Each structure stands twice: as C-alpha cells, then as structure tokens.
A.B. asks: 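I have a structure here, written as structure tokens, and I will follow up with some questions on it.
Fair warning: this is a prediction, and the values are worked out from it, not measured in the lab. Numbering of ligands and ligand atoms starts at 1, following listing order.
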Amino acid sequence: MAKIFCIANQKGGVGKTTTTVNLAAGLAKVGQRVLMVDLDPQGNATMGSGIDKRQLKLSVYDVLLESASIAEARATSEKCGYDVLGANRELAGAEVELVDVERRERRLKLALAEVDAQYDFVLIDCPPSLSMLTLNGLCAAHGVIVPMQCEYFALEGLTDLVNTIKQVHANLNKDLLIIGLLRVMFDPRITLQTQVSDQLKAHFGDKVFNSVIPRNVRLAEAPSYGLPGVVFDASARGSQAYVAFAEEMVQRIQSM
Ligand code: ATP
Ligand code: MG
C-alpha cells in the first residue's frame, strides 16, 4: 500500500510544486514507484513533469467527478520516471460542481484506493488555498509535507494550516499527521533566515526535516524544460538536496 502525502501550504509561491515534482523524481531515482497527483488548476506540476496540460484527454477533474478512474486518467512521464494524474483549468470548476454532492471531500481518497497497491508513494500537489480541492487531498493523505521559506510571515501562515490539519484530523481523517516542515529556498547568508530556521527547530523539533533545500537557480529553470530539477540537472545543489530529501522520506516512512 502506498504512503500518500499532500504537499500543502495555503501561502502562494512557497515551493509546493517544486517540492512535489522534485521529490517525485528523487523517489523514482532511488527506486520507488510514484504517482504524482496535481490538485491545482494552474497545472504547474503537470507541465513541470513533462505532460502538456492542454492536451490532457482525462485529468484529476474527471476523477473527482467520477467520470474516469485514475487508471484511465493517469499518464506516465517517461523522462521523470513516475506517473502523473494531471490537472488543468477545468479543475477550477470542480469546486462548484461538487457543491451538492455528498461526501465530496472523499472523492480522491476513494479513487486512490483502487490504485494504491501499485505505488510506494503518492504525492499530491495542493493549490495555494484551503479549498475543497485541498480538503480532498488532506482527506486522502497519511501526512502533510509543508514547504516553507524561512521568512517572518511564514510562521503566521503556519498557524492556519496547522489548525486546518487538526480539524481534518478530528473530523474527517484520523490518519492525518504533519510529517514535517521542509525549509526551502534557503539562503544561510541571510541572518533572518537562519534565525527563523532556529525558531522552527525550537518550536517544532523533529517535525522539521533534516534536509534543507537551498535557493538554486537550476530548480527555477527546470520547469521551462518540462522537467524537475532532479532530472534537468542532477548535479545542481538544489537537485542533490531534493534527492537527499527523498532518501530522508524513505527512512521516515519505515517508522510510520
Ligand atoms: P503556488 O502557490 O502558485 O502553487 P508553489 O508554492 O507551488 O506556488 P513553486 O511554483 O514551486 O511554488 O515556486 C515558486 C517559484 O519559486 C517558482 O518560480 C519556482 O521555480 C521558484 N523556486 C522554488 N523553489 C526554489 C529554489 N529552491 N530555488 C530557487 N527558486 C525556487
Ligand atoms: Mg504550485
């Protein structure tokens, strides 16, 4: 059975998608079978895995509306070494279309149950909101990975996310845990970042991953080639950090 993780933070542009595709590629590299689910209508994780969101015949939208199964809607990204359940603009409509549906927050969970024996990891890239889409991700997952930049306001946003996760845990998904906080776009030369990083460790202890992802331009360039950095330039510092993070995740799930 696959371990299912949401990559979530309601703050925009914090590195969720970069983390999702690079962790997926890093896990594939160390021999894990991975399904990446794009739950964001922006479709960045889809494009960033070399799948053209404009050409999708079926997507996560069809899965949420139960007009297709994941087995029908997924694609394999040959270059990246993992499967992709893609998303595009159409997904923005799902929120409204599911309004009157009972147990609408469990659609993804039910669909994943049919394929999860085929994978070691399922990674879900969430949109920058605490919407019905994110809720579907949180209901389906065993844990949440929270990428964050070590900036002053980062801690403030974390409170809302932690409260949402607690509510989902209490009411909808008792399996749900915060697996950890991942420091991304980290620049140790910036004193404030080091201070916030120390605060995070003091506050959250071993919930802070040991791996730290540096700010690295190769990670930002990779999506324009339709590749995760880990595949685009394996030697880049950022790529190596994501492979180390993949190894850390493999270790963590052994004790889950
Ligand atoms: P959104 O909330 O819009 O979904 P996001 O949280 O998924 O955004 P990303 O798209 O992953 O964030 O990253 C935001 C921007 O920062 C992108 O341009 C990405 O290439 C860049 N970026 C992410 N991580 C790094 C890094 N470690 N070093 C340099 N640039 C990075
Ligand atoms: Mg994103």
A.B. asks: Using atom types as modelled and distance alone, determine if a side-chain donor or acceptor of H142 lies under 3.5 Å from a backbone N or O of K3.
C.D. replies: no
A.B. asks: Taking K16 for the side chain and K11 for the main chain, is one N or O donor matched with an acceptor at less than 3.5 Å?
C.D. replies: yes
A.B. asks: Tell me whether K207 contacts the main-chain N or O of I179 through its side chain, where contact means a donor paired with an acceptor under 3.5 Å.
C.D. replies: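 A pair under 3.5 Å: no.
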A.B. asks: Taking only heavy atoms of T18 into account, list the atoms of ligand 1 that are under 4.0 Å away from them.
C.D. replies: 9 (P), 11 (O), 13 (O), 19 (C), 23 (C), 24 (N)
A.B. asks: Against Y242, only a single residue in N216, N22, T18, T19 fulfils side chain to side chain donor-acceptor pair (under 3.5 Å); can you say which?
C.D. replies: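 It is T19, the one option of N216, N22, T18, T19 that forms the side chain to side chain donor-acceptor pair (under 3.5 Å) with Y242.
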A.B. asks: N/O of D125 under 3.5 Å from N/O of ligand 1, yes or no?
C.D. replies: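 No, D125 has no N/O under 3.5 Å of an N/O on ligand 1.
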A.B. asks: Who's the nearest protein heavy-atom neighbour of atom 5 (P) of ligand 1, and how far?
C.D. replies: K16 N, 3.5 Å
A.B. asks: Does the side chain of D83 pick up a donor-acceptor pair with the side chain of T76 at under 3.5 Å?
C.D. replies: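 Result is yes, a qualifying pair exists.
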A.B. asks: Ignoring hydrogens and angles, tell me if any N or O in the side chain of N9 forms a donor-acceptor pair with the backbone of P147 under 3.5 Å.
C.D. replies: yes
A.B. asks: Using every non-hydrogen atom in the two residues, find where D187 and Q193 come nearest and quote the distance to one decimal.
C.D. replies: N-OE1, 2.8 Å
A.B. asks: Parallel under 30°, tilted from 30 to 60°, perpendicular over 60°: which one fits the rings of F232 and Y225?
C.D. replies: parallel
A.B. asks: Taking the Mg ion (ligand 2) as the center, what protein N, O or S atoms are found at less than 2.8 Å?
C.D. replies: T17 OG1
A.B. asks: Does the N or O separation between N44 and ligand 1 drop below 3.5 Å for any pair?
C.D. replies: no
A.B. asks: Check the surroundings of atom CG in N171: do more than 12 heavy atoms from other residues, nucleotides or ligands lie under 6.0 Å from it?
C.D. replies: yes
A.B. asks: Is any N or O atom of I213, backbone or side chain, closer than 3.5 Å to an N or O atom of ligand 1?
C.D. replies: no
A.B. asks: Ignoring hydrogens and geometry, is there a side-chain-to-backbone donor-acceptor pair from D38 to G86 under 3.5 Å?
C.D. replies: no
A.B. asks: Can you tell me if D40 contacts ligand 1 (heavy atom of the residue under 4.0 Å from the ligand)?
C.D. replies: yes
A.B. asks: I'd like to know if R218 and D233 make a salt bridge, using a cut-off of under 4.0 Å between side-chain N and carboxylate O.
C.D. replies: yes
A.B. asks: Among protein heavy atoms, which sits nearest to atom 8 (O) of ligand 1, and what does the distance come to when rounded to 0.1 Å?
C.D. replies: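 For atom 8 (O) of ligand 1, the nearest protein heavy atom is G13 N, 3.1 Å.
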A.B. asks: Under 3.5 Å, is there a donor-acceptor pair between the side chain of R33 and the main chain of A2?
C.D. replies: no
A.B. asks: Any idea which protein heavy atom is nearest atom 10 (O) of ligand 1, and the distance to it?
C.D. replies: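 For atom 10 (O) of ligand 1, the nearest protein heavy atom comes out as T17 CB, 4.1 Å.
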A.B. asks: Determine whether any heavy atom of L219 lies closer than 4.0 Å to an atom of ligand 1.
C.D. replies: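 The answer is yes, since L219 has a heavy atom less than 4.0 Å from ligand 1.
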A.B. asks: Counting C-beta onward and ignoring hydrogens, is there a side-chain heavy-atom pair between L39 and D125 closer than 4.5 Å?
C.D. replies: no
A.B. asks: Heavy-atom contacts with V14 under 4.0 Å: which atoms of ligand 1 show up? List them by number with element.
C.D. replies: 5 (P), 6 (O), 12 (O)
A.B. asks: Going by the atom numbers of ligand 1, which of them fall below 4.0 Å from some non-hydrogen atom of G12?
C.D. replies: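 Reading through ligand 1 atom by atom, the close ones are 2 (O).
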A.B. asks: Would you indicate which of Q42, M148, R215 comes nearest to atom 4 (O) of ligand 1 when only heavy atoms are counted?
C.D. replies: Q42
A.B. asks: Short list, please: which atoms of ligand 1 are under 4.0 Å from a heavy atom of N216?
C.D. replies: 26 (C), 28 (N), 29 (C)
A.B. asks: Quick one: look up the protein heavy atom nearest atom 30 (N) of ligand 1 and list residue, atom name and how far away it is.
C.D. replies: A220 CB, 3.7 Å
A.B. asks: Give the atoms of ligand 1, by number and element, whose distance to some non-hydrogen atom of G15 is under 4.0 Å.
C.D. replies: 5 (P), 6 (O), 9 (P), 11 (O), 12 (O), 13 (O)
A.B. asks: List the closest protein heavy-atom neighbour of atom 26 (C) of ligand 1: residue, atom name, distance to the nearest 0.1 Å.
C.D. replies: M185 CG, 3.5 Å
A.B. asks: Under 3.5 Å, is there a donor-acceptor pair between the side chain of T46 and the main chain of K53?
C.D. replies: no
A.B. asks: Within the structure, does at least one protein heavy atom fall under 4.0 Å of atom 17 (C) of ligand 1?
C.D. replies: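 No, because not a single protein heavy atom sits under 4.0 Å from atom 17 (C) of ligand 1.
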A.B. asks: Would you please name every residue forming a side-chain contact (heavy atoms from CB on, under 4.5 Å) with A92, sequence neighbours left out?
C.D. replies: P41, R89
A.B. asks: Under 4.0 angstrom from ligand 1, any heavy atom of P214?
C.D. replies: yes
